[in-house]
Engineer: 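One structure is given below, represented as structure tokens, and several questions about it will come after.
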Amino acid sequence: MSKQFTLGKTERLKSRKSIEQIFAVGKKLVTGSFRVLYVLNSDVLTPSLAFGAGVSSKHFKKAVDRNRVKRLMREAWRLQKSDLEEMIRSQKQSMHVFCIYTGKALPDYKEVFEKLTDVISKLVKVCVK
RNA sequence: GCUACAAGCCAGGCUAUCGAUCCUGUUAGCUUAGGCAAACAGGGUAGGAAAGUCCGGACAGCAAAGAGCAAUGCACCGGUGAAUAGCCGGGUCCUGCCGCUACUUAGGCAUCGGCAGGAACAGAAAGUGCCACAGAAAAUAACUGCCUGUUCUCUUCUUCGGAAAAGGACCGGUGAGGUUGAAAACGCAGGGUAAGAGCCUACGGCUGGUAAUGGUAACGUUAUUGGCGGGUAAACCUUGCAUGCUGAAAUGCCACGUAUAGUACCCUCGAAGGGCUGCUCGCCCAAGCUCGCCAAAAGCGGGCAGGGUACAGGGUAGGCAGAUUGAUCCCGAUAAGCAAUUAUCGGGACAGAUAAAUGAUAGCCCACGACAGAAUCCGGCUUACCGGCUUGUAGCGUUU
């Protein structure tokens, strides 16, 4: 059994191109102050799941705060993504997810964690369809 | 011990669990033999301001015959440094405080000396502009006032010729007085005069020249001579000096892909066009090859090629270098220097991501944690900031 709680290079959205693609053709999911964009491809040879996080600099002027939110989001994703990962592997799909925090106040860890639980369960449903 | 100021240093800690990135090592794997990538182990991983982008560089690319104008920046001197509007030292001026002398109306107080602070500190005697309120007036001078003269009115005196006083008008002189103001035509005293004025003189202040002298210089001192025409250049301006443009999304290489691609028009012998710094002058670049007709040249025609403008479209955005050890920073010693700083020797430290790591959660402890997140690098400046520690100086208090 491989490690579950990793978030290495291959599991993050790394290239500018794929992010632009998500913004262009991705589907939208909104839960509370989170906006989630995703692209799902079925019948792929190597199943993969990639994640990216973003915060608008309009709402958070200071770079310190933006880093904090992004770190919280990555952490919450890292700890909860395993269900989604298994699902995708069994269905032989590949999914790119980009998550944007649109709230104006600095969130705490609990809030982010719970919201991302919702997001992941919704994404699992999308995979099943 | 407390308080204030200055300089320097630190920027919550520990443990557990789960991660990220970079480096090193080991093991096994794949390979097109360049590498690729996995597991495990060990180690490194935000700042004093990483910020603002206000100065200065390094580095890179493009451009580069020149002159003038414009534009921008700088503006006491010397040193330091790669360089600056930084830093250090000095000079000048201004402000405040203290001391002292001349003077004195006995309150003070010029000059001088000391201490502290400040200065975008070239030019106001090239020109233009501006100077609120108050004030006669903010720079040309006017108004008021003062004074000589002429004339008129009226009064008094009279030796009957005139004389004196007052008031009005005019011509002229004057810049002394005029309640203000941040600032009022160098200050003050004497002379001078019809009244007056640096008009003249003494003392003092400011300032230009000359000479001597000290200093690398700014500048100081002394002598002599001329002047004294308010301020403002962070108003335009003038003078001197300097300055190509762009900015790591720079740039170079590799891979992939494509296309010496397409359409339209124009040009190829004094053309179009392009370049030189924004403009002007002036200058420079540039115009090719080939075939046929023809004895040759000119000329004509064809083809290829090249250049310009416009249109429509296409491709790439992956990797490596740049790029993290450098004009580096810190500590100690020695030497030079008033200092900033420099040299030598010894020791130590220094993240490197690329959609972007340097983290998350829980527990414990305490002074209860501020401002705040690297993005090519470095030197400064400025701004933000909870608190703690060390050293020095000054004051107060306690003990001996």
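The analysis underlying the following values was restricted to heavy atoms, covering all of them including side chains, and did not include hydrogens, waters or symmetry mates. Computed from a predicted model, the values in this text were never measured in an experiment. Each chain gets a letter, A, B and so on, in the order its sequence line appears, and its residues count up from 1.
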Engineer: Take atom NZ of A/K62 and atom C1' of B/rA50, then tell me their distance rounded to the nearest Å.
Structural biologist: 15 Å

Engineer: For the pair made of CG in A/N67 and C1' in B/rU45, what is the distance, rounded to whole Å?
Structural biologist: 15 Å

Engineer: Quick check: closest heavy atoms across A/A76 and A/F113, and the distance to 0.1 Å?
Structural biologist: CB-CA, 4.0 Å

Engineer: Look through every strand shown and name the nucleotide pairing with B/rU17 as Watson-Crick or G-U wobble, where both distances are under 3.5 Å.
Structural biologist: B/rA360

Engineer: Find every protein N or O atom lying less than 3.5 Å from an N or O atom of nucleotides 358-362 of chain B, and list the pairs.
Structural biologist:
residue : atom : partner : partner atom : Å
B/rU358 : OP2  : A/R71   : NE           : 3.0
B/rU358 : OP2  : A/R71   : NH2          : 3.4
B/rG359 : N2   : A/E75   : OE2          : 3.2
B/rA360 : OP1  : A/R68   : NH1          : 2.4

Engineer: My understanding is that a pair needs two contacts under 3.5 Å, Watson-Crick or G-U wobble. By that rule, which nucleotide pairs with B/rC206?
Structural biologist: B/rG227

Engineer: If we call it a pair only when both distances are under 3.5 Å in a Watson-Crick or G-U wobble match, what pairs with B/rA272?
Structural biologist: none

Engineer: Sort out the partner of B/rU309 for me: Watson-Crick or G-U wobble, both distances under 3.5 Å, none otherwise.
Structural biologist: B/rA264

Engineer: Between A/R66 (CZ) and B/rA356 (P), how many Å, whole number?
Structural biologist: 14 Å

Engineer: Let's go through A/L72 and A/Y101 carefully: what are the C-alpha distance in whole Å and the side-chain angles of both, what is the deciding distance for side chain to side chain contact (heavy atoms under 4.5 Å, CB included) to 0.1 Å, and is it a yes or a no?
Structural biologist: CA-CA 11 Å; A/L72 289 175; A/Y101 181 71; over 6 Å; no

Engineer: Of all the heavy-atom pairs spanning A/L116 and A/Q80, show the shortest one and how long it is.
Structural biologist: CB-NE2, 4.0 Å

Engineer: Checking one value: the base orientation of B/rG397, syn if chi is within 90 degrees of 0, otherwise anti.
Structural biologist: anti

Engineer: Which residues satisfy the side-chain contact (heavy atoms from CB on, under 4.5 Å) test with A/K62, sequence neighbours excluded?
Structural biologist: A/D65

Engineer: What's the CH2-C1' distance between A/W77 and B/rA357, to the nearest Å?
Structural biologist: 20 Å

Engineer: Heavy atoms, side chains only, cut-off 4.5 Å: are A/E75 and A/R78 in contact?
Structural biologist: yes

Engineer: Using whole Å, what does the distance between atom P of nucleotide B/rG19 and atom CD of A/Q80 come to?
Structural biologist: 15 Å

Engineer: Does the side chain of A/V97 reach to within under 4.5 Å of the side chain of A/W77, using non-hydrogen atoms?
Structural biologist: yes

